[in-house]
Chemist: 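One structure follows; several queries about it will come next.
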There are 2 protein chains.
Amino acid sequence: MPGTTATTQPAPGAAGLRERKKQRTRDALTRAAMELFTTRGFERTTVDEIAESVEVSQRTFFRYFSNKEQAALAVEELIEGHFLAALRERPATEPPLEALRNALLGTWDDVNTAIHEVVPLDLYMRMYQVIETTPALLAARMRRQAETEQRISAEIARREGLDPAVDLRPRVLVAAFGGVIRAASGYWGKCADDSVEQMRRSVADHLNTLGAALIGGWRTQDT
Amino acid sequence: MPGTTATTQPAPGAAGLRERKKQRTRDALTRAAMELFTTRGFERTTVDEIAESVEVSQRTFFRYFSNKEQAALAVEELIEGHFLAALRERPATEPPLEALRNALLGTWDDVNTAIHEVVPLDLYMRMYQVIETTPALLAARMRRQAETEQRISAEIARREGLDPAVDLRPRVLVAAFGGVIRAASGYWGKCADDSVEQMRRSVADHLNTLGAALIGGWRTQDT
DNA sequence: TTGTCAAATGTCAGCCACTGACATAATCTC
DNA sequence: GAGATTATGTCAGTGGCTGACATTTGACAA
């Protein structure tokens, strides 16, 4: 297999040639996949076609992606990875919802540039539409999101010094947070020509609404 | 295809012989599938094996279930169907979260008997474990849950006279509600010998917690 | 009962996602 | 440059899923 190069963490600057080559084929594969998915549709694109267009064997494709869906969701995975990293670096003094909010809005630009290193933005936007209308992709996405929410909850619980097995508040908060994101991006997806900047504002607004209901610290003793 | 007999709505008493036969094979298939999945595991069970154990062709299996996952999630689908029906019948005077809560707790027993008409309860409980540990099933489940949450949000919005495209509160509330359910059932799944009754209590408790933050009506003018 | 229609099932051929095993070729390390 | 690592190609095979068509089975009326 192509070593365990996490999709979310491209090697810093210049690792060995081998690593750089792997990163290139991975990017080429995701890009080719997205290109094909957006033109021909997800199910009407075969893995062989993707592999062929990068001049790589089908087997190699499956060494980079455990399945066809993963290639389609590579960018979203990248985004969530960035978000999680940002969250971990929020100062411990911020109350939960504020940390989530700031992590999201604070890395918005970083994320955009990171995406752009792999695919042009409009390709990603078209891909977004395909995902929204392809059952297999929706399922795969939901699953990943559930996993991510799990990790986020764990991080929130850690920050607040709670036992996530007992106290459900982190989970509930994150579920609500996720709900806002999903609702907002669902809305965004429908207005085809909305800019990314607009979405940022939209999300920010909705998060404010949520805040009214859930904001505030949970710590028993305050520092 | 075997007509559009909704899985969630078994014919009342005695429809034609044809209908009854269909229902019987459908139940037999789900039961056989669950039996095999719980003993052999999901991926190590082939559709041919399921079909064969009911003495039906593989093709017929796929006329009842659009894919292997659906057979594994048939019971959960049944449950969510019941819940949604119950929600629609809650009096319009109840505020949102209370309606959700009452719909859930009020149909608990109905649901249990409905399940029992198809499979023994302990089989369902074992199946629950399998789902929790099988990626493909988690993905399929998440997807269905997302769809259900969507429908629930729509119903809440309707009750409250809100436009779901504009006002995100229904979505957020339902997301939080779903988060509680998922967290509670996740917890339930881990304590192998917990009774269903215990879970009912657990869910009820956690919903109370949530209530403190979100309960109350949203209507602009109260009746 | 019987004839007719519609719906359910079986059979068969085929596509495609995905995997294990082994051979080959490209980097890395010294 | 030799030898250890690691990525890639090739090949054969399994299994999910579908379309097409023939066959059976229950529904309904004459």
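Only this structure's heavy atoms are used, side chains among them; waters, hydrogens and symmetry mates stay out. Lettering of chains follows the sequences in order, A, B, ..., and the numbering in each one begins at 1.
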Chemist: Just the rounded figure in Å: distance from P of dT9(C) to NZ of Lys22(B).
Modeler: 8 Å

Chemist: Restricting to ring pair (Phe, Tyr, Trp, His ring centres under 6.0 Å), what partner residues turn up for Phe42(A), sequence neighbours left out?
Modeler: Phe37(A)

Chemist: Using the test side-chain hydrogen bond (donor to acceptor under 3.5 Å, both in side chains), find all partners of Glu49(A) that sit at least two apart in sequence or belong to another chain.
Modeler: Arg40(A)

Chemist: Applying ring pair (Phe, Tyr, Trp, His ring centres under 6.0 Å), name anything that partners Tyr124(B), two or more places apart in sequence or on another chain.
Modeler: none

Chemist: Distances under 3.5 Å only, N/O to N/O: pair up the protein atoms with those of nucleotides 12-15 of chain D.
Modeler:
none

Chemist: Out of dT8(D), dA17(C), dC17(D), which has the shortest distance to the side chain of Phe62(A)?
Modeler: dA17(C)

Chemist: Once salt bridge (Lys or Arg N to Asp or Glu O under 4.0 Å) is applied, what residue pairs with a partner in residues 120-139 of chain B remain, sequence neighbours excluded?
Modeler: Asp122(B)-Arg126(B), Glu132(B)-Arg141(B)

Chemist: Where along nucleotides 23-30 of chain D does protein come under 4.0 Å, by heavy atom, of base (B) or sugar-phosphate alone (S), with - for untouched nucleotides?
Modeler: --BBS---

Chemist: Which pairs, with at least one residue in residues 103-114 of chain A and sequence neighbours excluded, count as a salt bridge (Lys or Arg N to Asp or Glu O under 4.0 Å)?
Modeler: none

Chemist: So, using salt bridge (Lys or Arg N to Asp or Glu O under 4.0 Å) as the criterion, who are the partners of Arg24(B) when residues are at least two apart?
Modeler: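 Salt bridge (Lys or Arg N to Asp or Glu O under 4.0 Å) check on Arg24(B) returns nothing, list empty.
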
Chemist: Who pairs with Arg151(A) by side-chain hydrogen bond (donor to acceptor under 3.5 Å, both in side chains), at least two apart in sequence or on another chain?
Modeler: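 So Arg151(A) forms no side-chain hydrogen bond (donor to acceptor under 3.5 Å, both in side chains) with any residue.
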
Chemist: Among residues at least two apart in sequence or on other chains, which ones pass side-chain hydrogen bond (donor to acceptor under 3.5 Å, both in side chains) with Ser202(A)?
Modeler: none

Chemist: Rounding to a whole Å, what distance do you find between Glu49(A):CD and dA17(C):P?
Modeler: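 Roughly 8 Å, once rounded to whole Å.
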
Chemist: Polar-atom pairs under 3.5 Å, protein N or O versus N or O of nucleotides 21-23 of chain C: list them with distances, or write none.
Modeler:
none

Chemist: Below 4.0 angstrom from OP1 or OP2 of dT9(C), is there any side-chain N or O of Ser57(B)?
Modeler: no

Chemist: Taking the side chain as C-beta and beyond, is there a heavy-atom pair between Leu73(B) and Ile131(B) under 4.5 Å?
Modeler: yes

Chemist: Quick one: on DNA chain C, does Thr60(B) or Ser66(A) contact a more 5' nucleotide (nearest heavy atom)?
Modeler: Thr60(B)

Chemist: Applying salt bridge (Lys or Arg N to Asp or Glu O under 4.0 Å), can you list everything that pairs with Arg143(B), at least two apart in sequence or on another chain?
Modeler: Glu147(B)

